[in-house]
Amino acid sequence: MLILAFESSCDETAVAVVRDGRTVLSDAILSQADMHAIYGGVVPEIASRKHIEGIAALTDQALKEAGVTREDIDAVAVTCGPGLIGALLVGVNFAKSVAYALGKPLIPVHHLRGHIAANYIAFPELEPPFLALCISGGNSMLVNVQGYTEMNIVGATRDDAAGECFDKVARVLGLPYPGGKPMEELARGGDDCAYVLPRSHVADSDLDMSFSGLKTAVVNLVHNAAQKGEPLDRPGLAASFAAAVSDELVPRAILAAKRYGHHTVVAAGGVAANSRIRSDLERACRENGLRLFLPPLKLCGDNGAMIGCQAYYESRCLHYADMSLNAYANLEI
Ligand code: KG4
């Protein structure tokens with residue numbers, strides 16, 4: 001089954017052609033990050049406009065790179081949420097028009113299900129059940145994945161997402177958007193004990209997390225140092241920050257895996273590219289006898305291939321949509 005998949009939930013326009021869920025024939029991505037970097041974050045209106053400008057040519061590119069024609073496509077898939085509503089609407093309406101014009105079924109895909117599915121592309125042997133740690137720019141959650149299309153959230157951030165926290169701290173340190181990668185580069189060689197940063201405790205749920213206190217602590221620390229004219233150990237602060245984020249995520253992922261009887265942990269989303277989090281996960285899984293799957297860096301961020309992959313499994317359960325499909329800024333997994 002050949003699926004043409006669209007992703008436009010944030011600042012990446014992506015179109016992919018995927019065969020039978022796991023074989024990626026093409027994965028064309030047009031990133032707008034440079035444009036948004038000028039403003040220090042994603043400007044939703046600009047994101048929508050850039051998706052409109054790029055999506056048609058990117059579709060031609062994806063088909064060409066896959067070596068297939070429109071007529072070869074069996075189904076059209078699209079991210080319908082969660083994400084920026086204007087950005088999502090571009091992908092959803094474009095996919096609807098392609099499906100209508102080709103007379104092919106339309107498959108709606110949840111963005112985070114897509115992030116989890118990125119692992120099926122990288123690891124042919126991976127199958128549910130497992131515990132997924134989904135950490136991206138807009139979401140941070142622990143997902144109990146019982147089947148390809150059966151899953152539920154068992155823990156989540158109560159405020160900021162991990163990626164959002166990386167981006168905001170990077171901004172206060174004068175680093176470009178998106179801040180995750182520059183923060184990681186700054187942290188290299190830094191002492192992760194240089195600063196004592198808070199770890200959260202969510203009173204009524206040991207699997208829920210919180211990043212806003214950590215973010216505020218770093219912002220205040222940077223501002224205080226600037227006001228007093230005190231020097232800042234920037235690599236030390238970046239390393240201490242990464243350690244604090246990792247401490248928020250990794251022990252909870254292990255706890256959730258054990259609580260829900262999983263032997264496998266899977267990481268997903270843009271923040272899963274972070275080397276500190278990856279190495280902490282590796283160590284913790286090893287110590288607890290859990291199998292760990294870490295997606296390759298190019299599959300951590302937003303892409304169309306992961307949508308085409310998940311769409312295959314949605315189609316096996318006949319999860320199709322008609323032309324009334326809408327986009328949703330918030331959407332249950
Ligand atoms: O999954 P993604 O590409 O988009 C969403 O679906 O949100 O995630 C983007 C987020 C951004 O906040 C970015 O700063 C973060 O992932 N990120 C990282 C790293 N690379 C990207 N965070 C920490 N370390 C990284 N190496």
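Just so you know, ligand 1 is whichever comes first in the structure, and atom 1 is the first atom listed for that ligand.
Y148 carries R316 over the face of its six-membered ring, with the cationic atom under 6.0 Å from the centre and within 45° of the normal.
In terms of protein heavy atoms, atom 12 (O) of ligand 1 is closest to D167 OD2, 2.8 Å. For atom 26 (N) of ligand 1, the closest non-hydrogen atom on the protein side is E184 OE1, 2.7 Å. What sits closest to atom 20 (N) of ligand 1 on the protein, heavy atoms only, is G270 O, 3.6 Å. For atom 10 (C) of ligand 1, the closest non-hydrogen atom on the protein side is G137 N, 3.6 Å. Nearest protein neighbour of atom 15 (C) of ligand 1, counting heavy atoms only, is V271 CG2, 4.0 Å.
Checked by distance only, ligand 1 and N274 come closer than 3.5 Å through their nitrogen or oxygen atoms. Checked by distance only, ligand 1 and G301 stay at 3.5 Å or farther apart across all their nitrogen or oxygen atoms. On a distance-only criterion, G163 and ligand 1 share at least one N/O pair closer than 3.5 Å.
Heavy-atom distances between M183 and ligand 1 stay at or above 4.0 Å for every pair. Put simply, no part of C10 is less than 4.0 Å from ligand 1, judged by heavy atoms.
Counted by atom type alone, N139 and H115 present zero donor-acceptor pairs between their side chains at under 3.5 Å. At a cut-off of 3.5 Å, with distance as the only test, a side-chain donor of E7 or T79 sits close to an acceptor on the other residue. Under the 3.5 Å distance criterion, with hydrogens and angles disregarded, no donor-acceptor pair is assigned to the side chains of D160 and S212. Of the N and O atoms on the side chains of S240 and D192, not one donor lies less than 3.5 Å from an acceptor on the other residue.
Remark: among candidates G180, A170, S140, the nearest residue to atom 18 (C) of ligand 1 is G180, based on non-hydrogen atoms.
Proximity of D302 to ligand 1, defined as any heavy-atom pair under 4.0 Å, is shared by backbone and side chain alike.
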Yes or no on side-chain contact (heavy atoms from CB on, under 4.5 Å) for H111 and M306, after CA distance, side-chain angles and deciding distance?
CA-CA 9 Å; H111 182 68; M306 66 187 198; 3.7 Å; yes
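For ligand 1, the atoms lying closer than 4.0 Å to a non-hydrogen atom of G138 are 7 (O). Within the listing of ligand 1, atoms 1 (O), 6 (O) sit less than 4.0 angstrom from a heavy atom of H115. Counting atoms of ligand 1 from 1 in the listed order, those under 4.0 Å from a heavy atom of H111 are 6 (O). The contact set between ligand 1 and G179, taken as ligand atoms under 4.0 Å from a residue heavy atom, comprises 14 (O).
Closest heavy-atom contact between M183 and A170: CG-CB, 3.7 Å. Of all heavy-atom pairs spanning A16 and G304, the tightest one is CB-C, 3.4 Å.
In this structure, R113 contributes its side chain and I333 its backbone to a donor-acceptor pair below 3.5 Å.
Ionic pairing of E287 and R283 is present here: one or more N-O contacts between side-chain nitrogen and carboxylate oxygen are shorter than 4.0 angstrom.
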